[in-house]
Amino acid sequence: MLFSLENIDDIDVSIYLFGSFIYKEQANDIDILILYDSGKLKRNYQLIFSIKNKVGTFLQFQYNLPIHFTTLSYNELNECSSIKIGEYILLF
């Protein structure tokens with residue numbers, strides 16, 4: 001990516017692309033999943049907002065499509081059986 005995500009290593013974040021943008025030539029939006037370690041985040045949710053802002057701004061500029069975020073901790077992901085990470089593309 002052409003932008004930096006400072007402090008991202010401090011909170012152990014993974015960013016995935018999923019949805020129609022992967023499979024369709026003319027997608028209506030871009031779906032992004034952000035996973036984070038809630039133990040490392042230590043209630044500093046501003047870092048997650050900063051990541052969303054930077055990723056969203058970059059993708060909006062590149063593709064001019066609405067960006068939809070899903071944000072979960074790794075613990076929440078483990079509790080959600082409907083999300084299969086193998087169907088997602090790891091961006092970061």
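Only heavy atoms go into these numbers, but all of them, side chains included; no hydrogens, no water, no symmetry mates.
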Inset, instruction - Mind checking the OH-CD1 spacing from Tyr88 to Ile15? Nearest 0.5 Å is all I need. - result: 14.5 Å
Legend entry - Separation of Lys54 NZ from Leu59 CG (nearest 0.5 Å):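 Answer rounded to 0.5 Å: 14.0 Å.
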Inset, instruction - Test side-chain contact (heavy atoms from CB on, under 4.5 Å) on Leu77 and Asn75 and set out the steps. - result: CA-CA 5 Å; Leu77 175 68; Asn75 291 338; over 6 Å; no
Inset, instruction - Return the minimal non-hydrogen interatomic distance between Asp29 and Leu65, and the atom names on each side. - result: CA-CB, 4.2 Å
Inset, instruction - Please name all residues satisfying side-chain contact (heavy atoms from CB on, under 4.5 Å) with Asn28, sequence neighbours left out, ordered by chain then number. - result: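 Asn28: no side-chain contact (heavy atoms from CB on, under 4.5 Å) contacts found.
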Legend entry - Residues that Thr70 engages under side-chain contact (heavy atoms from CB on, under 4.5 Å), provided they are two or more places apart: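 Once residues adjacent in sequence are excluded, the partners of Thr70 under the side-chain contact (heavy atoms from CB on, under 4.5 Å) criterion are Phe18, Leu33, Leu72.
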Legend entry - Distance-only side-chain donor-acceptor flag, Tyr36 / Ser14, under 3.5 Å: no
Inset, instruction - Evaluate the side-chain proximity of Leu17 to Asp31: yes if any heavy-atom separation is below 4.5 Å, no if none is. - result: no
Legend entry - Flag side-chain contact, heavy atom, 4.5 Å: Ile67 against Ile32: yes
Legend entry - With sequence neighbours excluded, residues passing side-chain hydrogen bond (donor to acceptor under 3.5 Å, both in side chains) with Asn64: Gln60
Legend entry - For Thr71, all residues meeting side-chain hydrogen bond (donor to acceptor under 3.5 Å, both in side chains), sequence neighbours excluded: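 Scan of Thr71 (side-chain hydrogen bond (donor to acceptor under 3.5 Å, both in side chains), adjacent residues dropped) gives Lys52.
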Legend entry - Side chain Glu76, main chain Ser73, donor-acceptor under 3.5 Å: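 Checked: pair present.
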Inset, instruction - Look at the side chain of Thr57 and the backbone N and O of Asn53, then say whether any donor-acceptor pair between them is shorter than 3.5 Å. - result: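 Judged by distance alone, yes, a pair lies under 3.5 Å.
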Legend entry - ring-ring contact (aromatic ring centres under 6.0 Å, His included) against Tyr63, all qualifying residues, sequence neighbours excluded: Phe21
Legend entry - side-chain hydrogen bond (donor to acceptor under 3.5 Å, both in side chains): pairs with one or both residues in residues 16-26, sequence neighbours excluded: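 Output for this query is empty, none listed.
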